[in-house]
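A short worksheet on the structure shown next.
By convention in this document, chain letters (A, B, ...) are assigned in the order of the sequence lines, proteins followed by strands, and residues within each chain are numbered from 1. For clarity, every value in this text was computed on a predicted model and none was experimentally measured.
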2 protein chains.
Amino acid sequence: MGAMTETLTHPPRSDIQIESVLHALADPVRLRIVRELARIGCDGIACGAIDLPVTKSTRTHHLRTLREAGVIQVRPVGTSRITTLRRDDLDALYPGLLDGILAAPH
Amino acid sequence: MGAMTETLTHPPRSDIQIESVLHALADPVRLRIVRELARIGCDGIACGAIDLPVTKSTRTHHLRTLREAGVIQVRPVGTSRITTLRRDDLDALYPGLLDGILAAPH
DNA sequence: ATCGTAGTTCGACAGTCGTCGTAGTACGGT
DNA sequence: ACCGTACTACGACGACTGTCGAACTACGAT
């Protein structure tokens, strides 16, 4: 099985660290990704379909940061990767945090 | 009036940026400060009275970061500076955010 | 006036971060 | 088999960050 179909590493809920989550959310580009994912809901979206003012490689970098922090879930489908917000985990760990952030004006 | 009694610059509620707040909260030392301030409540505490594993100058640096982000309020009293959490402003701007963060295990 | 306490400021340093371009890998379709 | 699409990996670069020590300022007390 090739790298594209390997399951990407995601931290289990119990390993998610608040510092990592906050750091992941503190970047404008990543915050934009999270807002877009929250808007779309649980259907998810291909990484590349999110409109971002950065190159492909930077996009990959940000998505990895979000994934390794436990903020998003990435699932390979064909040549694409469907990304979803880990709302259930975040809400369980830090109730109100995500809603509070999404309530911010933008 | 000397520098120690000058009013320190704090952003008004309307100027507080979610990215700055998240960045301010993403550091372990600063998160510890915020947790301590939340525990103490609205009475506030002298900056130096918070137990931290860093030197004086690093402490000053972190407190400035928190203050300029709009997370804390610092008021000079004698040679000390009383620090309080801007709970009302943060709760108004991002309802649930602070509580969610404070709910995190530590 | 002198001293101690509380906190700031400055410069320096190592480490991290966001960004990019280039090269590479994987999958689906023709 | 080949090509295009989707994304990753690597190396590089400048910018920012957390940390410190040393010097400095301000206030209160003796």
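- Rounding to whole angstrom units, CZ of residue A/Arg81 and P of C/dT25 are separated by 15 Å.
- Using a cutoff of 4.0 Å between basic side-chain nitrogens and carboxylate oxygens, B/Asp51 and B/Arg32 are scored as salt-bridged.
- Using modelled atom types, one finds a donor on one side chain and an acceptor on the other under 3.5 Å when comparing B/Thr55 with B/Thr58.
- Between the CG atom of B/Leu22 and the C1' atom of D/dT17 there is a distance of 17 Å, rounded to whole Å.
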Tabulate atom names and distances for all N/O pairs under 3.5 angstrom spanning the protein and nucleotides 9-17 of chain C.
unit_1	atom_1	unit_2	atom_2	d
C/dT9	OP2	B/Arg64	NH1	3.4

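- Counting heavy atoms from C-beta outward, A/Ile101 and A/Leu31 have side chains that approach closer than 4.5 Å.
- Atom pair B/Glu68:CD and C/dT8:C1' shows a separation of 13 Å (rounding to whole Å applied).
- For C/dG7, the OP1/OP2 oxygens have no side-chain nitrogen or oxygen of B/Thr79 closer than 4.0 Å.
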Going through the distances and angles, do A/Leu37 and A/Thr84 end up as a side chain to side chain contact (heavy atoms under 4.5 Å, CB included)? CA-CA 6 Å; A/Leu37 292 178; A/Thr84 51; over 6 Å; no
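- At whole-Å resolution of the value, CG in A/Leu8 and C1' in D/dA9 are 14 Å apart.
- Each of B/Arg67, B/Arg87, B/His10 was compared with B/Gln73 under the side-chain contact (heavy atoms from CB on, under 4.5 Å) criterion, and only B/His10 meets it.
- Looking at the side chain of A/Ser80, the nearest of the listed nucleotides D/dA6, D/dG18, C/dC20 is D/dA6.
- If you take CD of B/Glu19 and P of D/dC16, they are 16 Å apart, rounded to a whole angstrom.
- Taking 4.5 Å as the limit, every side-chain heavy atom of B/Leu97 sits out of range of all side-chain heavy atoms of A/Asp99.
- Of the listed nucleotides (D/dG28, D/dC20, C/dT19), D/dC20 has the atom at the smallest distance from the side chain of B/Val54.
- Taking atom CG of residue B/Leu63 and atom P of nucleotide C/dG7, one finds them 9 Å apart after rounding to whole Å.
- Of the two residues contacting DNA chain D, namely B/Pro53 and A/Ala46, the nearest-nucleotide position lying further toward the 5' end is that of A/Ala46.
- The separation between A/Arg32 atom CZ and C/dG18 atom P is 16 Å, rounded to whole Å.
- For the pair A/Asp91 and A/Arg86, the salt-bridge criterion is not met [side-chain N within less than 4.0 Å of a carboxylate O].
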